[in-house]
Amino acid sequence: KCVMGHTRSFVKCGKSGYVMPGAFKNHAQAIYNMEVRPDDIWVITFPRSGTTWTQEMIWLLKNHLNFNASKETPLYDRFPMLEITSMIPDIACELIKTNFMNLANFQGLSDAVKTPSWKRIDETPSPRFIKTHLPLSMLPPNLLSTAKVVYVARDPRDVAVSYYYLHKMIAKSLMRANFNHYWEAFKRDLLPWTPIIAHTNEAWKQRHHPNLHLVFYEDLIKDLPKEIGRISHFLGKNYSDDKIKQLAEYLSFNSLRKNENVNNTTGNGKNEIQFIRKGEAGGWKSHFDQEMVLEAEEFLISRLEGLDLVYPSFR
Ligand code: A3P
């Protein structure tokens, strides 16, 4: 169920009041009732948690490490996003208002919107690879009992910094806010897909489910081959250490950043901000002043109260 959010462009959905662009309400029901297939692989994340990185890893693990095939098609086509088209009209309106996008572009986009991405995914032959930022409670209730799901979680402070740069990349002219203001909006659950901790906690509660594998971005950074091995095992694949090492090298930050099929940097003219941007755990520290550090700690403590969710930075 979605109700009007903090501005006309947003709705709040589900028990935790997840913020979604307004047009999403026309698709929420269809997505919730979508048919899940036993050979589906879903990657679920809060935005900027390492989704793209994990998608490319999973696609290759499931496709015999066929690096050539991965180069033939952009990742967003091999591993499409479930709810993307339901967001385009609202985001486009904002962009047009600020003259960032002209009406001709909008016409192209509105044509794309005619077939929502969930519908295209629904018509895609198996095996399907599906990316979504929707929390488990907004997805089909039989998802976990039917298909395999990988959830990637990340320290909310790093997510906020990364999200800020993503928004700057997509819509520079809209981003008059500095990071301090942006962080306020993040904390107050005003940005799409927030609240982040409720989102992650839904997956955390299911972390022992045999069809869900939860991985932290920080652990991918710490020991990528180890986490690739665990995800490979979860997917029922058995690669030699050498093959896993080869995949880890391919997925390294510098290598993936150069890969135009994966580093989907569009929409900001000179592209001085990249989609695959910094690739660090704990990089948030250089964006928070002393006061913000304390506030962020308070925010995390209060939101985590009563939950057993533990982020790696608090282990
Ligand atoms: P930063 O902005 O902090 O660098 P998503 O795909 O969910 O949008 O996540 C994007 C974040 O994952 C970005 O974080 C991006 O740089 C990081 N990322 C992508 N590929 C990576 C890699 N190979 N190694 C480390 N971080 C990576």
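Both ligands and their constituent atoms are indexed starting at 1 by order of listing.
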J.: Decide yes or no for H199 and L134: does some side-chain heavy atom of the first lie under 4.5 Å from some side-chain heavy atom of the second?
T.: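 The answer is no, as the side chains (C-beta and beyond) never meet within the 4.5 Å cut-off.
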J.: For the hydrophobic clusters of this structure (ILVMFWY residues joined by side-chain heavy atoms under 4.5 Å, transitively), does one cluster hold both M138 and M4?
T.: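 M138 and M4: separate clusters.
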J.: Can you list everything that forms a salt bridge (Lys or Arg N to Asp or Glu O under 4.0 Å) with R188? Sequence neighbours excluded, please.
T.: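 Result, salt bridge (Lys or Arg N to Asp or Glu O under 4.0 Å) vs R188: none returned.
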J.: Is the shortest side-chain heavy-atom distance between I276 and V262 below 4.5 Å?
T.: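 When only atoms from C-beta onward are counted, V262 and I276 do touch, with a gap below 4.5 Å.
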J.: Can you find a heavy atom in the side chain of V161 that is under 4.5 Å from one in the side chain of E280?
T.: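 Sidechains of E280 and V161: no contact.
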J.: Counting C-beta onward and ignoring hydrogens, is there a side-chain heavy-atom pair between W42 and Y151 closer than 4.5 Å?
T.: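 The answer is no, as the side chains (C-beta and beyond) never meet within the 4.5 Å cut-off.
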J.: Would you please write out the protein residues whose heavy atoms approach any atom of ligand 1 to under 4.0 angstrom, listed by chain and number?
T.: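 Protein residues near ligand 1 are R48, S49, G50, T51, T52, W53, R154, S162, Y217, I221, L251, S252, F253, L256, F275, I276, R277, K278, G279.
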